[in-house]
Amino acid sequence: MDSGDLYHVKQQFVLGAYKSLAGAPLPSPSSEDYNSILQYHARALISLGEADKALSILPAEDASLSLKAVRALAGYTKGDENETHLEQLRDLCVEVEDAEESEQQVVKVLAATAFVQEGEIEEALETLGAGTPHENLEATSLIVQIYLSINRVDLAKKEFERAKHWAEDDLLLQQIEATLGLVSGRDSYSNPQSFFAEQMLNPSLSSSHLLTSRGVTYLLRGELIEANSDFEEALKVDANAETLAAAVVAAGLTKGKQSESDALFERLQAEYPGHPLVLDLKSKSDAFDSALSQFTVPALA
Amino acid sequence: MQFLVKFESKSNRVKGLAFHPTRPLLAASLHNGNIQLWNYRMGVLVDRLDEHDGPVRGVNFHPSRPLLLTGGDDYKVKVWDIRPQSRRCMFTLHGHLDYVRTVQFHHEMPWIVSSSDDQTIRIWNSTSRNCIAILTGHSHYVMSAWFHPKEDLIVSASMDQTVRVWDISGLRRNTPNSAVGTFDTFDTFSTVKYVLEGHDRGVNFAIFHPTLPLIVSAADDRQIKLWRMSETKAWEVDSCRGHFNNVSSALFHPRHELIISAGEDKTVRVWDMGKRTAVQIFRREHDRFWVLAAHPDHTLYAAGHDNGLIVFKLERERPAFAIHMDNIYYIRDKYVRQHDLNTGNDVGVLSVRKLGNQYIPPRTLSFNPAERAVVVQTTSDNGIYDIARLGRETSNDLPDSSTDGKRGTANSVVWVARNRFAALNKATQIIEIRDLSNNIMKTFKSPVQANDIFYGGTSSVLIATSTNIVLFDVQQQKVLAELVTNPVKYVVWSPDSQTVALLSKHAITLANKTLTQSTSVHETIRIKSGAWDDSGVFLYSTLNHIKYCLPHGDKGVIKTLDEPVYLTRVKGKNVHCLDRSAKPRTIVIDPTEYRFKLALLNKNYDEVLRIIQTSNLVGQSIISYLQQKGFPEIALHFVQEKSVRFDLAIECGNLEVALETAAAIDKPECWNRLAQQALELGNHSVAEKAYQRTKDFDKLSFLYLATGSTDKLSKMQKIAESRGDPMSKFHNALYSGDVLGRISVLRECGLHPLAYLTASTNGLDDLAAEILEAAGLTDADLEDVQKFEQSTLRPPPIVTQTGKLNWPTIAGTENFFEKGLLNGNGHIEGDEGAPYVNGVDGGAALDEWAQEGAEDLEVEDEAWDLEAGADEEEFYVAEEEAVAEEEEAAAGAKPGPSETELWVRNSPFAADHVAAGSFDSAMQLLNRQVGVVNFEPLKPIFLAIYRSSHVYLSANASLPPLHLHLRRSITDSTPSKVLPVSYRTLPAVKAELQEGYRAVSAAKLADAETVFRSVLYSLLFVTVSSDEEAKEWRELITTAREYLLAVSLELERRRIVQEEPENVKRSLELAAYFTQCKLQPPHVTIALRSAILVFGKANNHAAAAKFARRLIEFNPDSKIVAKARQAISAGDRNPRNAVEIDFDEFTPFDICAASYTPIYQGTPSLTCPYTGATYQLMYKGHLDPLTKLTEIGAPSSGLPAPR
């Protein structure tokens, strides 16, 4: 069983409360959970796009393979020398085979994260042990997402079902189930809705990600007023790309809010030019223009 | 007149000849007693009959039955069955007492007439085989006797210098006594009607004219005499003198006033019946002619001489013709005629009667569409031509080429430009270029030995030599290209002038216009003519077929012909042609086969598919063609026979069908082939089934080993056990790594040493000891046995769970066709334009196809319900496997169909396609459904819809966010039902419309215009789910359109008032039209009030009053009523209009939304395919100015059915 501190850190990490996690002070280096907590801290920072900061809190001399992997991931996310870092992660995966189980799990998840970003889905799945009887819940979470991203809900579900046997009622497991529900739309999104609503009431943490997630669930359910209000609230706390993008959609569907949607989108475009929504729309815009050429427009009558 | 030899044979002296009435057969009886049957078309000897003893002089075919009649110097008359399978002499008629000279069947009665040197003519009944009459009276040999073609008459010729006509009508009236030998009774039946005296030597031949009361006779006095007869008498008309030896035979030409004769002076002569002068003489060096015969229907003749026979024609039957657009210009009976293929209208346009010999039809006609002129060439007089303009179709007196045209001499003439034609003189090899008035513009020598010239493209000619064809530019005097060919006789250009067909006697060369690429086809029989199909297939006619030739040289028969035709034009399934008498005909053909092949050749699989689906195309030849061309998978669809189907399925790797048919056939060799093919394709589950069927346990076990199916291996072990096959048990134990199993097998078989070694090398020492004990040995006994290392033999580790998946196969063309069939019912049915293929006859193959399609569809649905969705075929396999095995899938999982793909598949609405990001298909849909062509204004909506249909949410740290899709209904999550969220709904659009109304009320016209246009744009993207919604949708469009039009009218009026204040008339018109728009009452009152004002100002008080009356009907508030009353009273005071305008309020009209002019009811108009706005005809194809989206008058299919 994890200690109270570590449990809390994990909870924040799982629910996407990266900001509060990264903002919290690190425990004393002598604490036995120091390395694990440090690792989550660093990963939260990486997730927030602050890889430099992550590197700065990590020890230069790597105490463990998992921290080494975090360094490599941070390096990879920074975007320079991608190949080197990928190679390093690949090496680590091999090296860690003999290390203890928990260490292995972390390294594999980190390596797979990088692989997915690199687009090496198959390698990622293999590293995570998709389809093998592993007991690595973080890996399951990743596998599920990967399967969902390639539209294999069936396989994702299978992976999840298996995890249910050994992972008991872990928070992450519930989160996985919610994610599955978001994609499959089963039972009118009732599962994700209750999960996010429940977690919102969790007094021990606050996270704009949760708010956004709930808003997205409302949005998927077609409850636009609720969705809009969730996004507005979330934007007040933290105008991150995710919330902005979701707000664009919600406003776009709401009567009389189309112009607001456009404004939000422009903001998203300006602040987060790399967000998938921005990139996707750009490519669609190009697709539209090229499709135009199929038709010749006659002279106006 | 020509002497065109069609066939010639060498043999003994030919004494008798007869044409078969329908088939190309010629019977020749020879002096040596043989009778030959020739196929003169193919030039082969079909049969030989030789039962006569001595020369055979008479021969004749039965007019309708397969019988041949002969009479010989053995006094016998024989009747033969000439069917190839039963050829024999059926019976012999005995009675003549000397040589038999001629024999003939009666055209309708079962009678035979024969003439003999015994001075008699006998008539026989061929049914009873009795002689029924003997005609006596001639006092010398009777050289010939022939029935009259219609009447009961016989004409005979005799050495007694007379020709006699016999009346045999008595024969028909009374059934004669058939008793043999009662000669006396005969005389009462037949009487000599006329005795024609005039020849002063023996008469060799006399025959009736086919239609006229004329007789021609040929005699040893070297004369041919023409006799005429009436009811009561017969007399000599005249003689034809010229033969300088005995005349053997003379015949009438069936169509022209000509007589053809042959004689011992080695000539065949043609005489003018009217002038009794020789028209033409053909001489042979050594052959005395003995006999002549004419074909009963065709203008074909045969002449027998000392050394054989000749089949000949006297004239070319190919009519000269030229084609321009849908008109054929052709020559019949020396008139140039114009035949319109569409209307069938056929008129004479020029007489060429004076061009050359009266009996020689012109050889070629070249038409010049620009000047409506022709050059007509004839071989007569060593080659002359006339150039003349064609007369108008309507005029009564036709121009004549000799008076209205110009004449020249040449062997070949062709137009090369609008005002130039080329004329070739073969003797001098000079080609002249002449202008319309026949003046020489240029003269040059042909660069090659020219036989003929043809059109070769503008200012070019194709020069045909005996070995090649040369493309020659007349302007530059330069040879552009050459192509080796057989001597080219005709040249046919394709309608687009890109390809040319060069026709020789037995070959066709298809070449491109620069003669750089070509293919050839060869025919054993003569090629007559050809024409291009619209799709680039060349159709040609031979003597007896219409055939096609594809661009790469594939050919085939389309239709069999009774007699040759000359193809002029092919349009769809109609082949237009001229027959031998130059009458235009249309033959309907079935172009399916060649269109199918062409489509296949062009890889136009859509077309292939459509033909397969809509036509009844079956037959072994198609199947083998497909197989040969490498399309076994298509052929598969035509075959029902199991074993052929199996072969094809194996060939194209369609294991599904192969499995199905193998199960139906259920023979070991099929299963073996299936297993082999399945293994090659990596589909081990099919291989497994095949092995199971053939009980091939060894292979099955090995397959399981290879695929790593350990559980199945253990099953095999059990099966082996129950089968009691120790070898198999051992194998399976070995494969599955079951050491104990192996040991027990060995022990059971008493192979204790092996069992012991196996046990000990696998570390099973206890077991080893047990075996040792069982064998009654101790360790000590084994001291000299060699020690072995521990065994490392293990079954190989399973790297990939191959057993749980099949190799994915690459989708080949077969997938295309299968997919096509799936969608087929939808999109191909709607496509009505399937051109010129045979109709849906409900062929068996077709039904089967439909079923197949349906089945496939079911399978797909199943897969979908079970699974999260599947797209490609190979994917079903993977997924089904995944379900079957309760195991995880490997890391190499293939992506499934994305939500957006499902949307696209599930919806026919453009909005849904846009939401799915499939802009391309969305545009296609909009274009098809409502005729949108200008998408530029819709771009923001497209992007907004797409943007609003997807949302991103990250689920894991540092991973890209998940792409989530907003659905229309949250309760439908089955992949076959999911649809994207509605971006625009009817209520939202209605609200927008209200906004437009407010703008109108507030007179913000420019704003209103924008709003209404935007409403129309929005409505494009509204999806409707019920009929009521669809109706509402339609009504909203109409309302928005009316408002948009009204606003545009008013804006235009204001513009005119601003910019052209003097144009009061226009301003008034627009104000009047404004009141006609179908608006809400408050808005109509606005329009009316504005009209009253404007008309009042323009002093059109009468009209203003009318508007005011209309206004009052709306019950506006009192202030307005007061104003209206003022206007009415002004109108009463001054009931006239100062300005005349185009406005008829009494006839209902629509307003053209482009020109803002009225289109009164009953006037033709166009509409916008989307809004239904009306337009003047002249705006066809323009962009709709109201919405700026659609093409006016474009066809559209309308909104898809609600769902």
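Just so it is clear: chains get the letters A, B, ... in the order the sequence lines come, proteins before strands, and each one is counted from 1.
Between chain A and the options B/Asn956, B/Leu966, B/Thr985, heavy-atom pairs under 4.5 Å are most frequent for B/Asn956. Ranked by heavy-atom pairs under 4.5 Å with chain A, the first of B/Ser898, B/Ala1154, B/Ser949 is B/Ser898. Ranked by heavy-atom pairs shorter than 4.5 Å toward chain B, the options A/Ala241, A/Ser213, A/Ala124 are led by A/Ser213. By number of non-hydrogen pairs under 4.5 angstrom with chain A, the leading residue of B/Leu953, B/Asp920, B/Leu938, B/Asn934 is B/Leu953. Most heavy-atom pairs under 4.5 Å with chain A: of the set B/Pro987, B/Gly917, B/Ala922, this distinction falls to B/Gly917. Options B/Arg984, B/Lys1188, B/Gln1176, B/Glu992 differ in how many heavy-atom pairs under 4.5 Å they form with chain A, and the most are formed by B/Arg984. When A/Glu242, A/Gln145, A/Glu138, A/Glu123 are compared by the number of non-hydrogen pairs under 4.5 Å with chain B, A/Gln145 comes out ahead. Taking A/Gly185, A/Ala291, A/Ser188 one by one and counting their heavy-atom pairs under 4.5 Å with chain B, the maximum is reached by A/Ser188. Among B/Val932, B/Leu962, B/Ile945, B/Thr971, the residue with the largest count of heavy-atom pairs under 4.5 Å with chain A is B/Leu962. For the options A/Thr296, A/Asp289, A/Asp187, A/Thr77, heavy-atom pairs under 4.5 Å to chain B are most numerous at A/Asp289. Chosen from A/Thr243, A/Val183, A/Val144, A/Thr179, the residue pairing most often with chain B at heavy-atom distances under 4.5 Å is A/Val183. Annotation: maximal heavy-atom pairing with chain B below 4.5 Å, among A/His209, A/Lys255, A/Arg43, occurs at A/His209.
Contacts between A/Ala299 and chain B at a heavy-atom distance below 4.5 Å involve backbone atoms as well as side-chain atoms. For B/Ser1155, no part lies under 4.5 angstrom from a heavy atom of chain A. Using a 4.5 Å cut-off between heavy atoms, B/Glu936 contacts chain A through both its backbone and its side chain. Heavy atoms of B/Gln924 lying under 4.5 Å from chain A belong to its backbone as well as its side chain. In this structure, the portion of B/Ile1192 lying under 4.5 Å from any heavy atom of chain A is its side chain and not its backbone. For B/Phe942, the part lying near chain A is the side chain, with the backbone staying farther off; criterion is any non-hydrogen pair under 4.5 Å. B/Val933 touches chain A through backbone and side chain together, each having a heavy atom under 4.5 Å away. Looking at A/Gln294, the atoms closer than 4.5 Å to chain B (heavy atoms on both sides) all sit in the side chain, from C-beta outward. In this structure, chain A has heavy atoms under 4.5 Å from both the backbone and the side chain of B/Ala957.
Side-chain N or O atoms of B/Arg967 include none that pairs as donor or acceptor with a backbone N or O of B/Val981 at under 3.5 Å. Not a single donor-acceptor pair under 3.5 Å links the side chain of B/Thr974 to the backbone N or O of B/Lys977.
Considering only heavy atoms from C-beta on, B/Val914 stays 4.5 Å or farther from A/Phe288 through its side chain. Contact annotation: the side chain of A/Ile176 approaches that of A/Leu137 to within less than 4.5 Å [non-hydrogen atoms, C-beta and beyond]. Side-chain atoms of A/Leu173 and A/Phe160, non-hydrogen and from C-beta on, do get closer than 4.5 Å to each other. Two residues are said to be in side-chain contact when any heavy atoms from C-beta on lie closer than 4.5 Å; B/Leu1183 and B/Thr1190 fail this criterion.
To the nearest 0.5 Å, atoms CZ (A/Arg186) and CG (A/Leu180) are separated by 9.0 Å. The line from CZ of B/Phe919 to CG of B/Leu943 is 5.0 Å long, rounded to the nearest 0.5 Å. B/Asp912 contributes atom CG, which lies 14.5 Å from atom OH of B/Tyr983 (distance to the nearest 0.5 angstrom).
Taking the charged nitrogens against the carboxylate oxygens, B/Arg947 and A/Asp280 have no contact shorter than 4.0 Å, which rules out a salt bridge.
Taking the six-membered ring where the residue is Trp, B/Tyr1175 and B/Tyr1179 present perpendicular rings, their angle passing 60° and hence far from 30°. Using cut-offs of 30° and 60° for the angle between ring planes, the A/His275 and B/Tyr952 rings count as perpendicular.
The number of heavy atoms from other shown groups lying within 6.0 Å of NZ (B/Lys939) is above 12.
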